[in-house]
Amino acid sequence: MVGGLKLEVDTIGDLYVISNKLPVVSFPAFGMETVRNVLPDAFTIAVLAAIESLLSCVVADSMINSRHRSNMELVAQGAGNIVSALFGGIPATGAIARTAANIKNGGRTPIAGMVHGIVLLLILVVLMPYAALIPMPTIAAILFMVAYNMCGWRKFVYLCRTSPKSDIAVLIMTFLLTVIFDLVVAIEAGILMAALLFMKRMSEVTEVEGWKYIDEEDDPDSLSLRTVPEDTRVYEISGPLFFGAADKILTITLDEKINCLILRMRGVSAIDATAMHNLEEMLADCKRKKIHLVLSHVNEQPMHVMQKAGFVEKVGNENFCSHIDDALRRAEELHH
């Protein structure tokens with residue numbers, strides 16, 4: 001339209017040089033001074049890239065009921081970014097937008113990503129000259145919508161309304177540092193604050209008690225002494241559920257053949273917003289597969305977080321049991 005109507009508007013071609021030639025290998029200048037200058041930014045970018053890619057994997061897992069390999073994902077991403085830098089590229093991550101589009105169109109294997117890369121290469125070679133005709137106001141509108149969709153203000157408000165106050169403080173502080181300074185400062189401060197918060201939480205819930213040592217067959221709380229209904233699965237979660245271990249929840253297998261899933265949480269002393277989000281995702285998956293969720297022996301801090309997030313209402317008060325025996329009886333009732 002710009003070319004045909006001779007519109008007086010800046011285009012990409014007016015401001016930048018557009019070429020469909022493939023990039024050539026260019027080794028960057030390397031020295032200790034350069035390393036010292038870029039190391040803080042490089043570390044922050046690496047952490048952000050890893051987190052974003054793994055979060056994309058988690059979302060993709062929930063969409064196809066699968067389980068990704070975290071180490072393989074990060075190794076492949078690192079290798080790709082090293083090669084990209086040799087051609088003048090910038091660091092890239094796994095993007096949930098294109099991942100979701102691939103999945104919704106039937107992509108299930110790495111071949112889908114390979115095809116996507118080949119299509120982008122063909123666009124670069126064949127259609128790049130036409131990109132010079134794209135008007136800058138169009139690019140501005142696209143960037144505005146991308147920024148709006150990426151800001152996630154609805155999720156921000158939801159987290160401020162449902163998360164523990166300490167997590168809200170980290171979120172708001174990171175947000176303000178991003179606006180006032182830049183993302184590098186914000187992420188560094190956010191990671192430090194999250195680490196200090198975790199240590200504080202652990203110190204608050206740590207206790208030392210004497211136990212009577214007995215064999216498992218004599219343990220009144222042992223599952224081996226109980227009859228579990230055939231269509232019921234029991235998982236026991238041990239240890240605090242914080243952002244570093246929240247993905248453990250996603251290892252729970254939700255077989256559509258089962259009728260009830262019991263989570264025994266007597267060993268969970270604390271839970272944060274990330275783990276709470278993963279529990280909500282698991283609950284949504286249970287509802288899709290018509291599986292009843294029952295929780296046993298939820299401690300005080302996790303229960304407070306669940307109540308504030310509205311998780312208790314979604315699951316139902318009747319499905320929160322004080323003891324494993326009560327949870328098994330509830331599963332038996334649901335079976336009938």
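Nothing here was measured: the structure is a model prediction, and the numbers come from that model.
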Next on the checklist: Please tell me whether L177 and L197 are part of a single hydrophobic cluster in this structure, the criterion being side-chain heavy atoms less than 4.5 Å apart.
Outcome noted: yes
Checklist entry - Does L334 share a hydrophobic cluster with I262, counting links as ILVMFWY side-chain heavy atoms below 4.5 Å and allowing steps through other members? => result yes
Item to check | Path from M282 to Y235 over hydrophobic side-chain contacts below 4.5 Å | outcome: yes
Item to check | Within-4.5 Å side-chain heavy-atom neighbours: V9 and M136 | outcome: no
Next on the checklist: So which atom in C160 and which in L171 form the shortest heavy-atom distance, rounded to 0.1 Å?
Outcome noted: SG-CD2, 4.0 Å
Item to check | Donor-acceptor pair, side chain of T178 and main chain of T174, under 3.5 angstrom | outcome: yes
Next on the checklist: Between D285 and R288, does the side chain to side chain contact (heavy atoms under 4.5 Å, CB included) criterion hold? Intermediate values first, please.
Outcome noted: CA-CA 5 Å; D285 199 14; R288 283 194 297 268; 3.3 Å; yes
Next on the checklist: Are M173 and V185 connected into the same hydrophobic cluster when the rule is that any two of I, L, V, M, F, W, Y join if their side-chain heavy atoms are below 4.5 Å apart?
Outcome noted: yes
Next on the checklist: Just verifying a value: how many Å separate L54 CG and E73 CD, rounded to the nearest 0.5 Å?
Outcome noted: 6.5 Å
Item to check | Residue pair T11 / D14, side-chain donor-acceptor N/O under 3.5 Å | outcome: yes
Checklist outcome for this item: Between the CG atom in L159 and the CZ atom in R154, the distance rounded to the nearest 0.5 Å is 14.0 Å
Checklist entry - So if you build clusters from Ile, Leu, Val, Met, Phe, Trp, Tyr with side-chain heavy-atom gaps below 4.5 Å, do V126 and V115 land together? => result yes
Next on the checklist: As an exercise, state the distance from CG of L120 to CG of L124, rounded to the nearest 0.5 Å.
Outcome noted: 9.0 Å
Item to check | Validation row: I12, L133 side chains within 4.5 angstrom (heavy atoms) | outcome: no
Next on the checklist: Other residues, nucleotides and ligands only: do more than 12 of their heavy atoms fall within 6.0 Å of OH on Y16?
Outcome noted: no
Next on the checklist: Counting only heavy atoms not in K165 (residues, nucleotides, ligands), do more than 12 fall under 6.0 Å from its NZ?
Outcome noted: no
Checklist entry - Minimum heavy-atom separation for G190 to V170, with atom names? => result O-CG1, 4.1 Å
Item to check | From CA spacing to verdict: side chain to side chain contact (heavy atoms under 4.5 Å, CB included), F87, V24 | outcome: CA-CA 6 Å; F87 287 89; V24 296; 5.9 Å; no
Item to check | Donor-acceptor contact present, side-chain T93 to main-chain A49, <3.5 Å | outcome: no
Checklist entry - Any idea which heavy atoms bring F156 and I172 closest together, and the distance? => result CZ-CG1, 4.5 Å
Checklist entry - Taking it one step at a time, do N299 and M265 satisfy side chain to side chain contact (heavy atoms under 4.5 Å, CB included)? => result CA-CA 7 Å; N299 291 309; M265 301 184 66; over 6 Å; no
Next on the checklist: Given 3.5 Å as the limit, does a donor-acceptor pair link the side chain of K308 with the main chain of S163, or not?
Outcome noted: yes
Checklist entry - Between R329 and E332, is there a side-chain N and carboxylate O pair less than 4.0 Å apart? => result no
Next on the checklist: I need the H292 NE2 to E318 CD distance, nearest 0.5 Å.
Outcome noted: 10.5 Å
Checklist entry - Are any of the side-chain heavy atoms of H297 and H323 separated by less than 4.5 Å? => result no
Next on the checklist: For A92, is there any backbone N or O sitting under 3.5 Å from a side-chain donor or acceptor partner on N81?
Outcome noted: yes
Item to check | For the student: nearest non-hydrogen atoms of V312 and F320, plus distance | outcome: CA-CE1, 3.8 Å
Checklist entry - To the nearest 0.5 Å, what is the distance between CD (E300) and OG (S269)? => result 12.0 Å
Item to check | Atom of V294, atom of A327 and distance for their closest heavy-atom approach | outcome: CG1-CB, 3.9 Å
Checklist entry - Is any side-chain heavy atom of N319 less than 4.5 Å from a side-chain heavy atom of L295? => result no
Checklist entry - Which pair of non-hydrogen atoms, one from M276 and one from A309, has the smallest distance, and what is that distance? => result CG-CB, 3.9 Å
Checklist entry - Any side-chain heavy-atom pair from L48 and T44 closer than 4.5 angstrom? => result yes
Item to check | Min side-chain heavy-atom separation I249-L263 under 4.5 Å | outcome: no
Checklist entry - So do the side chains of I90 and S84 get within less than 4.5 Å of each other, counting heavy atoms only? => result no
Checklist entry - Backbone N or O of D272 within a donor-acceptor pair of the D167 side chain at under 3.5 Å? => result no
Checklist entry - Do NZ/NE/NH1/NH2 and the carboxylate oxygens of R330 and D326 come within less than 4.0 Å? => result no
Next on the checklist: Any non-hydrogen side-chain atom of L283 less than 4.5 Å from a side-chain atom of V315?
Outcome noted: yes
Checklist entry - If you round to the nearest 0.5 Å, how far is CG of L176 from CZ of F181? => result 10.5 Å
Checklist entry - Could you go step by step and tell me if M128 and I123 meet the side chain to side chain contact (heavy atoms under 4.5 Å, CB included) rule? => result CA-CA 6 Å; M128 186 56 72; I123 291 174; 6.0 Å; no
